[in-house]
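On a predicted model such as this, the values are computed, not experimentally measured, just so you know. Protein chains get the first letters and strands the later ones, always in sequence-line order, with residue 1 at the start of each.
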There are 2 protein chains.
Amino acid sequence: MSVNRKKLIIEAATKSFSLFGYKATTMDQVAKIANVGKGTIYTFYANKEELFKEIVDNMIVEMEQEADDAINPELTFTENLHLTLYRLLEFRREHQLMIKLFQEEQEIRTPAVLEMVEEIENAIISFIAQKIKIAIQKKYIKDCDPELTAFLLLKMYITLIVDWERIRKPLNKEEIAELFDLYLFKGLSL
Amino acid sequence: MSVNRKKLIIEAATKSFSLFGYKATTMDQVAKIANVGKGTIYTFYANKEELFKEIVDNMIVEMEQEADDAINPELTFTENLHLTLYRLLEFRREHQLMIKLFQEEQEIRTPAVLEMVEEIENAIISFIAQKIKIAIQKKYIKDCDPELTAFLLLKMYITLIVDWERIRKPLNKEEIAELFDLYLFKGLSL
DNA sequence: TTGATGACTGGATTTCTCATTCGGTCAGTT
DNA sequence: AACTGACCGAATGAGAAATCCAGTCATCAA
(Lines give C-alpha, C1' and ligand atoms only; values in the text may rest on other atoms or scores of the structure.)
Protein backbone atom coordinates (compact mmCIF):
# COMPACT_ATOMS: atom_id res chain seq x y z
CA MET A 1 0.00 0.00 0.00
CA SER A 2 1.16 3.55 -0.70
CA VAL A 3 -0.08 5.20 2.51
CA ASN A 4 -1.87 3.85 5.57
CA ARG A 5 -5.33 5.25 4.84
CA LYS A 6 -6.86 3.89 8.03
CA LYS A 7 -4.28 5.72 10.10
CA LEU A 8 -4.93 8.92 8.17
CA ILE A 9 -8.65 8.58 8.82
CA ILE A 10 -8.15 7.96 12.54
CA GLU A 11 -5.89 10.99 12.84
CA ALA A 12 -8.28 13.19 10.90
CA ALA A 13 -11.29 12.00 12.89
CA THR A 14 -9.51 12.49 16.22
CA LYS A 15 -8.64 16.02 15.20
CA SER A 16 -12.13 16.85 14.02
CA PHE A 17 -14.06 15.26 16.91
CA SER A 18 -11.76 17.00 19.39
CA LEU A 19 -12.13 20.34 17.67
CA PHE A 20 -15.82 20.35 16.79
CA GLY A 21 -17.44 17.50 18.72
CA TYR A 22 -19.47 14.64 17.30
CA LYS A 23 -22.37 16.43 15.72
CA ALA A 24 -20.43 19.24 14.10
CA THR A 25 -17.95 16.80 12.55
CA THR A 26 -19.02 15.75 9.07
CA MET A 27 -17.81 12.70 7.21
CA ASP A 28 -16.94 14.98 4.28
CA GLN A 29 -14.75 16.97 6.63
CA VAL A 30 -12.95 13.91 7.98
CA ALA A 31 -12.41 12.67 4.40
CA LYS A 32 -11.01 16.02 3.35
CA ILE A 33 -8.60 16.31 6.32
CA ALA A 34 -7.47 12.72 5.74
CA ASN A 35 -7.03 13.37 1.99
CA VAL A 36 -9.22 10.42 1.26
CA GLY A 37 -12.48 9.84 -0.58
CA LYS A 38 -15.51 9.77 1.71
CA GLY A 39 -16.37 6.25 0.54
CA THR A 40 -12.99 4.99 1.78
CA ILE A 41 -13.97 5.71 5.37
CA TYR A 42 -16.90 3.33 4.91
CA THR A 43 -14.54 0.51 3.92
CA PHE A 44 -13.08 0.68 7.45
CA TYR A 45 -16.07 1.75 9.52
CA ALA A 46 -19.72 0.84 8.99
CA ASN A 47 -20.93 4.31 9.98
CA LYS A 48 -20.05 7.54 11.74
CA GLU A 49 -20.82 6.08 15.15
CA GLU A 50 -18.32 3.23 14.72
CA LEU A 51 -15.62 5.66 13.71
CA PHE A 52 -16.45 7.70 16.78
CA LYS A 53 -16.27 4.63 18.99
CA GLU A 54 -12.78 3.83 17.67
CA ILE A 55 -11.57 7.32 18.53
CA VAL A 56 -13.13 7.26 21.99
CA ASP A 57 -11.79 3.79 22.75
CA ASN A 58 -8.32 4.95 21.83
CA MET A 59 -8.74 7.83 24.23
CA ILE A 60 -9.88 5.52 27.02
CA VAL A 61 -6.73 3.42 26.59
CA GLU A 62 -4.62 6.57 26.73
CA MET A 63 -6.42 7.69 29.88
CA GLU A 64 -5.88 4.35 31.62
CA GLN A 65 -2.19 4.48 30.77
CA GLU A 66 -1.91 7.94 32.28
CA ALA A 67 -3.72 6.80 35.40
CA ASP A 68 -1.38 3.84 35.73
CA ASP A 69 1.60 6.13 35.35
CA ALA A 70 0.38 8.14 38.33
CA ILE A 71 0.84 5.16 40.62
CA ASN A 72 3.93 5.26 42.82
CA PRO A 73 4.78 1.91 44.53
CA GLU A 74 6.55 3.78 47.33
CA LEU A 75 3.29 5.27 48.55
CA THR A 76 0.36 3.75 50.45
CA PHE A 77 -2.77 2.44 48.78
CA THR A 78 -4.83 5.43 49.90
CA GLU A 79 -2.31 7.90 48.54
CA ASN A 80 -2.10 6.05 45.25
CA LEU A 81 -5.86 5.87 44.92
CA HIS A 82 -6.00 9.59 45.48
CA LEU A 83 -3.32 10.17 42.82
CA THR A 84 -5.08 7.89 40.37
CA LEU A 85 -8.48 9.50 40.81
CA TYR A 86 -6.95 12.93 40.62
CA ARG A 87 -5.14 12.07 37.40
CA LEU A 88 -8.32 10.62 35.91
CA LEU A 89 -10.27 13.77 36.66
CA GLU A 90 -7.42 15.93 35.39
CA PHE A 91 -7.48 13.96 32.16
CA ARG A 92 -11.22 14.56 31.93
CA ARG A 93 -10.67 18.24 32.52
CA GLU A 94 -7.76 18.76 30.15
CA HIS A 95 -8.26 16.41 27.24
CA GLN A 96 -9.77 18.31 24.32
CA LEU A 97 -11.98 15.43 23.17
CA MET A 98 -13.31 14.94 26.69
CA ILE A 99 -14.16 18.60 27.05
CA LYS A 100 -16.04 18.61 23.76
CA LEU A 101 -17.83 15.40 24.68
CA PHE A 102 -19.07 16.62 28.04
CA GLN A 103 -20.13 19.90 26.49
CA GLU A 104 -22.10 18.08 23.82
CA GLU A 105 -23.58 15.72 26.41
CA GLN A 106 -24.88 18.68 28.42
CA GLU A 107 -25.96 21.00 25.66
CA ILE A 108 -27.02 18.98 22.64
CA ARG A 109 -27.59 15.55 24.17
CA THR A 110 -26.64 13.71 20.99
CA PRO A 111 -27.58 10.07 21.71
CA ALA A 112 -24.29 8.72 20.30
CA VAL A 113 -22.41 11.05 22.64
CA LEU A 114 -24.49 10.09 25.68
CA GLU A 115 -23.64 6.47 24.94
CA MET A 116 -19.92 7.16 24.69
CA VAL A 117 -19.85 9.22 27.88
CA GLU A 118 -21.48 6.27 29.61
CA GLU A 119 -18.81 3.97 28.20
CA ILE A 120 -16.10 6.28 29.50
CA GLU A 121 -17.68 6.33 32.98
CA ASN A 122 -17.88 2.55 32.93
CA ALA A 123 -14.25 2.27 31.88
CA ILE A 124 -13.20 4.50 34.77
CA ILE A 125 -15.28 2.54 37.27
CA SER A 126 -13.94 -0.81 36.03
CA PHE A 127 -10.44 0.55 36.27
CA ILE A 128 -10.89 1.70 39.86
CA ALA A 129 -12.82 -1.45 40.79
CA GLN A 130 -9.82 -3.49 39.64
CA LYS A 131 -7.53 -1.58 41.99
CA ILE A 132 -10.00 -1.98 44.85
CA LYS A 133 -10.26 -5.71 44.28
CA ILE A 134 -6.49 -6.04 44.58
CA ALA A 135 -6.47 -3.87 47.71
CA ILE A 136 -9.07 -6.13 49.32
CA GLN A 137 -7.05 -9.24 48.46
CA LYS A 138 -3.93 -7.71 49.89
CA LYS A 139 -5.88 -6.71 53.01
CA TYR A 140 -5.20 -3.02 52.55
CA ILE A 141 -8.87 -2.25 53.08
CA LYS A 142 -12.03 -3.90 54.40
CA ASP A 143 -13.99 -6.39 52.33
CA CYS A 144 -16.60 -4.60 50.22
CA ASP A 145 -18.26 -4.66 46.80
CA PRO A 146 -15.47 -3.40 44.50
CA GLU A 147 -17.78 -1.98 41.83
CA LEU A 148 -20.07 -0.18 44.25
CA THR A 149 -17.08 1.13 46.14
CA ALA A 150 -15.41 2.33 42.95
CA PHE A 151 -18.64 4.02 41.92
CA LEU A 152 -18.97 5.71 45.29
CA LEU A 153 -15.31 6.78 45.38
CA LEU A 154 -15.58 8.37 41.97
CA LYS A 155 -18.83 10.14 42.80
CA MET A 156 -17.40 11.37 46.04
CA TYR A 157 -14.32 12.60 44.29
CA ILE A 158 -16.38 14.44 41.73
CA THR A 159 -18.46 15.88 44.54
CA LEU A 160 -15.37 17.20 46.32
CA ILE A 161 -13.70 18.58 43.23
CA VAL A 162 -16.44 19.64 40.84
CA ASP A 163 -19.75 19.97 42.67
CA TRP A 164 -18.52 21.63 45.84
CA GLU A 165 -16.55 24.14 43.77
CA ARG A 166 -19.77 25.14 42.04
CA ILE A 167 -21.44 26.30 45.26
CA ARG A 168 -18.52 27.15 47.58
CA LYS A 169 -14.78 27.80 47.54
CA PRO A 170 -12.75 25.27 45.54
CA LEU A 171 -10.50 22.87 47.44
CA ASN A 172 -6.83 22.30 46.62
CA LYS A 173 -5.21 18.94 46.01
CA GLU A 174 -3.96 18.53 49.58
CA GLU A 175 -7.32 19.43 51.12
CA ILE A 176 -9.03 16.91 48.89
CA ALA A 177 -6.54 14.20 49.82
CA GLU A 178 -7.12 14.96 53.49
CA LEU A 179 -10.91 14.97 53.22
CA PHE A 180 -10.86 11.84 51.11
CA ASP A 181 -8.83 10.11 53.78
CA LEU A 182 -11.04 11.40 56.59
CA TYR A 183 -14.39 10.53 55.10
CA LEU A 184 -13.74 7.27 53.33
CA PHE A 185 -10.86 5.64 55.13
CA LYS A 186 -10.80 6.79 58.72
CA GLY A 187 -14.56 7.37 58.93
CA LEU A 188 -16.44 9.97 60.94
CA SER A 189 -16.96 7.93 64.08
CA LEU A 190 -14.72 8.61 67.05
CA MET B 1 -63.87 39.80 54.05
CA SER B 2 -66.23 37.27 52.52
CA VAL B 3 -63.68 34.57 51.66
CA ASN B 4 -59.93 34.26 52.20
CA ARG B 5 -58.86 34.90 48.62
CA LYS B 6 -55.15 34.50 49.35
CA LYS B 7 -55.73 31.05 50.76
CA LEU B 8 -57.81 30.10 47.74
CA ILE B 9 -55.01 31.25 45.45
CA ILE B 10 -52.35 29.29 47.36
CA GLU B 11 -54.44 26.15 47.26
CA ALA B 12 -55.16 26.55 43.57
CA ALA B 13 -51.52 27.29 42.72
CA THR B 14 -50.30 24.32 44.76
CA LYS B 15 -52.70 22.07 42.92
CA SER B 16 -51.76 23.42 39.50
CA PHE B 17 -47.98 23.52 39.98
CA SER B 18 -48.08 19.96 41.34
CA LEU B 19 -50.20 18.72 38.49
CA PHE B 20 -48.68 20.53 35.54
CA GLY B 21 -45.38 22.03 36.70
CA TYR B 22 -44.29 25.65 36.54
CA LYS B 23 -44.31 26.32 32.85
CA ALA B 24 -47.56 24.57 32.03
CA THR B 25 -49.37 26.38 34.84
CA THR B 26 -50.98 29.61 33.62
CA MET B 27 -52.10 32.45 35.80
CA ASP B 28 -55.50 32.22 34.11
CA GLN B 29 -55.70 28.63 35.19
CA VAL B 30 -54.80 29.40 38.82
CA ALA B 31 -57.37 32.22 38.85
CA LYS B 32 -60.05 29.92 37.47
CA ILE B 33 -59.36 27.11 39.98
CA ALA B 34 -59.32 29.66 42.82
CA ASN B 35 -62.54 31.23 41.55
CA VAL B 36 -60.86 34.58 41.53
CA GLY B 37 -60.09 37.23 38.91
CA LYS B 38 -56.59 37.02 37.51
CA GLY B 39 -55.82 40.56 38.64
CA THR B 40 -56.52 39.54 42.24
CA ILE B 41 -53.51 37.24 42.24
CA TYR B 42 -51.35 40.27 41.45
CA THR B 43 -52.59 42.08 44.56
CA PHE B 44 -50.88 39.35 46.65
CA TYR B 45 -47.91 38.38 44.47
CA ALA B 46 -45.84 40.64 42.22
CA ASN B 47 -45.50 37.97 39.54
CA LYS B 48 -45.76 34.29 38.72
CA GLU B 49 -42.32 33.55 40.15
CA GLU B 50 -43.18 34.99 43.57
CA LEU B 51 -46.32 32.91 43.74
CA PHE B 52 -44.22 29.89 42.84
CA LYS B 53 -41.69 30.70 45.55
CA GLU B 54 -44.46 30.85 48.15
CA ILE B 55 -45.68 27.40 47.17
CA VAL B 56 -42.17 25.91 47.14
CA ASP B 57 -41.28 27.49 50.49
CA ASN B 58 -44.41 25.97 52.01
CA MET B 59 -43.32 22.61 50.70
CA ILE B 60 -39.83 23.01 52.15
CA VAL B 61 -41.33 23.67 55.60
CA GLU B 62 -43.51 20.60 55.25
CA MET B 63 -40.49 18.53 54.23
CA GLU B 64 -38.42 19.68 57.20
CA GLN B 65 -41.27 18.81 59.55
CA GLU B 66 -41.48 15.32 58.09
CA ALA B 67 -37.72 14.89 58.42
CA ASP B 68 -37.87 15.99 62.06
CA ASP B 69 -40.68 13.53 62.70
CA ALA B 70 -38.44 10.72 61.51
CA ILE B 71 -36.02 11.30 64.36
CA ASN B 72 -36.23 8.83 67.23
CA PRO B 73 -34.35 9.89 70.39
CA GLU B 74 -33.97 6.24 71.43
CA LEU B 75 -31.66 5.56 68.48
CA THR B 76 -28.02 6.49 67.82
CA PHE B 77 -26.96 9.53 65.84
CA THR B 78 -25.97 7.44 62.82
CA GLU B 79 -29.29 5.62 62.75
CA ASN B 80 -31.20 8.87 63.07
CA LEU B 81 -29.16 10.49 60.32
CA HIS B 82 -29.95 7.56 58.10
CA LEU B 83 -33.66 7.81 58.92
CA THR B 84 -33.65 11.55 58.30
CA LEU B 85 -31.90 11.34 54.95
CA TYR B 86 -34.08 8.44 53.94
CA ARG B 87 -37.21 10.38 54.79
CA LEU B 88 -35.95 13.42 52.90
CA LEU B 89 -35.33 11.39 49.79
CA GLU B 90 -38.67 9.62 50.16
CA PHE B 91 -40.33 13.01 50.32
CA ARG B 92 -38.50 13.99 47.16
CA ARG B 93 -39.61 10.79 45.50
CA GLU B 94 -43.23 10.86 46.58
CA HIS B 95 -44.26 14.48 46.71
CA GLN B 96 -46.10 15.38 43.52
CA LEU B 97 -44.70 18.91 43.34
CA MET B 98 -41.13 17.62 43.78
CA ILE B 99 -41.57 15.07 41.03
CA LYS B 100 -42.87 17.69 38.63
CA LEU B 101 -40.08 20.09 39.59
CA PHE B 102 -37.27 17.61 39.01
CA GLN B 103 -38.85 16.56 35.74
CA GLU B 104 -39.04 20.16 34.58
CA GLU B 105 -35.49 20.82 35.78
CA GLN B 106 -34.19 17.94 33.65
CA GLU B 107 -36.36 18.31 30.57
CA ILE B 108 -37.32 21.94 30.11
CA ARG B 109 -34.73 23.71 32.27
CA THR B 110 -37.03 26.59 33.09
CA PRO B 111 -34.75 29.13 34.86
CA ALA B 112 -37.28 29.78 37.63
CA VAL B 113 -37.45 26.05 38.30
CA LEU B 114 -33.66 25.63 38.33
CA GLU B 115 -33.53 28.37 40.94
CA MET B 116 -36.15 26.75 43.13
CA VAL B 117 -34.53 23.31 42.90
CA GLU B 118 -31.31 24.93 44.07
CA GLU B 119 -33.17 26.52 46.97
CA ILE B 120 -34.58 23.13 47.93
CA GLU B 121 -31.12 21.54 47.81
CA ASN B 122 -29.76 24.34 49.97
CA ALA B 123 -32.58 23.91 52.46
CA ILE B 124 -31.84 20.20 52.74
CA ILE B 125 -28.11 20.80 53.17
CA SER B 126 -28.67 23.47 55.83
CA PHE B 127 -31.02 21.14 57.63
CA ILE B 128 -28.50 18.28 57.67
CA ALA B 129 -25.61 20.64 58.47
CA GLN B 130 -27.51 21.74 61.56
CA LYS B 131 -27.78 18.15 62.78
CA ILE B 132 -24.09 17.57 62.04
CA LYS B 133 -23.07 20.65 63.96
CA ILE B 134 -24.93 19.39 67.04
CA ALA B 135 -23.39 15.94 66.63
CA ILE B 136 -19.91 17.47 66.59
CA GLN B 137 -20.65 19.52 69.71
CA LYS B 138 -21.96 16.46 71.50
CA LYS B 139 -18.84 14.54 70.37
CA TYR B 140 -20.86 11.96 68.49
CA ILE B 141 -18.60 12.36 65.48
CA LYS B 142 -15.21 13.83 64.56
CA ASP B 143 -14.74 17.53 64.03
CA CYS B 144 -15.38 18.46 60.40
CA ASP B 145 -16.91 21.16 58.20
CA PRO B 146 -20.66 20.70 58.81
CA GLU B 147 -21.74 22.12 55.45
CA LEU B 148 -19.26 20.15 53.37
CA THR B 149 -20.07 17.02 55.34
CA ALA B 150 -23.81 17.54 54.87
CA PHE B 151 -23.25 18.08 51.18
CA LEU B 152 -21.18 14.94 50.90
CA LEU B 153 -23.61 12.87 52.96
CA LEU B 154 -26.51 13.90 50.78
CA LYS B 155 -24.60 13.27 47.56
CA MET B 156 -23.50 9.90 48.83
CA TYR B 157 -27.01 9.02 49.81
CA ILE B 158 -28.30 9.99 46.40
CA THR B 159 -25.51 7.96 44.83
CA LEU B 160 -26.46 4.87 46.83
CA ILE B 161 -30.20 5.19 46.31
CA VAL B 162 -30.72 6.85 42.95
CA ASP B 163 -27.57 6.64 40.83
CA TRP B 164 -26.55 3.10 41.66
CA GLU B 165 -30.09 1.88 40.99
CA ARG B 166 -29.81 3.32 37.50
CA ILE B 167 -26.88 1.14 36.50
CA ARG B 168 -27.16 -1.90 38.79
CA LYS B 169 -29.59 -3.64 41.16
CA PRO B 170 -31.37 -1.30 43.61
CA LEU B 171 -30.46 -1.56 47.28
CA ASN B 172 -33.01 -1.93 50.08
CA LYS B 173 -33.23 0.27 53.14
CA GLU B 174 -31.18 -2.04 55.36
CA GLU B 175 -28.42 -2.45 52.80
CA ILE B 176 -28.21 1.31 52.43
CA ALA B 177 -28.02 1.80 56.18
CA GLU B 178 -25.25 -0.77 56.38
CA LEU B 179 -23.24 0.70 53.50
CA PHE B 180 -23.76 4.20 54.83
CA ASP B 181 -22.36 3.11 58.17
CA LEU B 182 -19.46 1.24 56.58
CA TYR B 183 -18.31 3.93 54.21
CA LEU B 184 -18.85 7.10 56.16
CA PHE B 185 -18.64 6.18 59.81
CA LYS B 186 -16.42 3.16 60.19
CA GLY B 187 -14.29 3.91 57.13
CA LEU B 188 -12.62 1.49 54.75
CA SER B 189 -9.29 1.18 56.54
CA LEU B 190 -8.65 -1.91 58.65
C1' DT C 1 -63.95 54.76 47.25
C1' DT C 2 -61.97 50.56 47.18
C1' DG C 3 -61.20 45.82 46.30
C1' DA C 4 -62.08 42.85 42.51
C1' DT C 5 -62.23 41.76 37.76
C1' DG C 6 -61.31 40.05 32.95
C1' DA C 7 -60.59 42.08 28.22
C1' DC C 8 -56.56 43.63 26.23
C1' DT C 9 -51.54 44.09 24.87
C1' DG C 10 -47.07 42.77 23.11
C1' DG C 11 -43.20 39.92 23.83
C1' DA C 12 -42.19 35.20 23.87
C1' DT C 13 -42.97 30.73 22.25
C1' DT C 14 -44.74 27.31 19.12
C1' DT C 15 -46.03 25.67 14.67
C1' DC C 16 -45.72 25.33 9.97
C1' DT C 17 -43.21 25.58 5.68
C1' DC C 18 -39.55 25.59 2.89
C1' DA C 19 -34.36 25.32 2.20
C1' DT C 20 -30.15 23.19 3.44
C1' DT C 21 -27.15 19.85 5.29
C1' DC C 22 -24.98 15.57 5.70
C1' DG C 23 -24.75 10.30 6.45
C1' DG C 24 -24.56 6.75 3.56
C1' DT C 25 -24.59 4.46 -1.36
C1' DC C 26 -22.89 3.01 -5.65
C1' DA C 27 -21.65 3.68 -10.54
C1' DG C 28 -17.63 4.92 -12.48
C1' DT C 29 -12.46 5.62 -12.48
C1' DT C 30 -7.74 4.39 -11.79
C1' DA D 1 -9.76 -4.41 -6.62
C1' DA D 2 -9.24 -0.26 -4.24
C1' DC D 3 -10.78 4.11 -4.23
C1' DT D 4 -13.61 8.07 -5.24
C1' DG D 5 -17.10 11.81 -5.13
C1' DA D 6 -21.73 12.89 -7.31
C1' DC D 7 -26.02 11.76 -5.81
C1' DC D 8 -30.17 10.62 -2.75
C1' DG D 9 -33.45 11.40 0.82
C1' DA D 10 -34.09 11.80 5.71
C1' DA D 11 -33.09 14.88 9.24
C1' DT D 12 -32.20 19.35 10.66
C1' DG D 13 -32.41 24.40 10.59
C1' DA D 14 -34.13 29.05 9.28
C1' DG D 15 -37.87 32.13 8.81
C1' DA D 16 -42.56 33.49 8.89
C1' DA D 17 -47.02 33.28 10.80
C1' DA D 18 -50.03 31.93 14.44
C1' DT D 19 -50.78 31.32 19.15
C1' DC D 20 -50.15 31.79 23.97
C1' DC D 21 -49.87 33.95 28.29
C1' DA D 22 -47.79 37.16 32.04
C1' DG D 23 -48.93 41.28 33.45
C1' DT D 24 -51.83 45.83 33.11
C1' DC D 25 -55.57 48.82 33.81
C1' DA D 26 -60.15 50.75 32.71
C1' DT D 27 -64.38 49.44 34.58
C1' DC D 28 -67.56 47.68 37.85
C1' DA D 29 -70.05 46.39 42.02
C1' DA D 30 -70.58 46.94 46.81
OP1 or OP2 of C/dT5 sitting under 4.0 Å from any side-chain N/O of B/Thr40?
-> yes
Take the protein atom CG of B/Asn47 and the nucleotide atom P of D/dT24, then report the distance between them rounded to whole Å.
-> 9 Å
Whole-Å distance, B/Lys38 NZ to D/dC21 P, equals 10 Å
B/Tyr140 side chain to B/Thr78 side chain, donor-acceptor N/O pair below 3.5 angstrom | no
Main-chain N/O of B/Ile71 paired with B/Asn80 side-chain donor or acceptor, under 3.5 Å | no
Of A/Asp28 and A/Val36, whose nearest nucleotide on DNA chain D comes first from the 5' end?
-> A/Val36
Rounding to a whole Å, what distance do you find between A/Ile41:CD1 and D/dC3:P?
-> 13 Å
Find the distance B/Lys48:NZ to D/dT24:P and express it as a whole number of Å.
-> 15 Å
For C/dG3, does OP1 or OP2 lie under 4.0 Å from any side-chain N or O of B/Arg5?
-> no
Closest approach of A/Ser18 to A/Lys100 (non-hydrogen atoms, all atoms of both residues) = O-CG, 3.0 Å
Hey, is the main chain of A/Leu171 close enough, under 3.5 Å, to the side chain of A/Glu165 for a donor-acceptor pair?
-> no
Length of the OH-P vector between B/Tyr45 and D/dT24, whole Å = 17 Å
A/Ile9 CD1 to C/dG24 C1', in whole Å, measures 15 Å
How long is the line joining CE of B/Met27 and C1' of C/dT9, in whole Å?
-> 17 Å
Would you mind reading off the distance between B/Leu8 atom CG and C/dG3 atom C1', rounded to a whole angstrom?
-> 15 Å
Mapping A/Lys23 and A/Gly39 to their closest nucleotides on DNA chain D, which lands nearer the 5' end?
-> A/Gly39
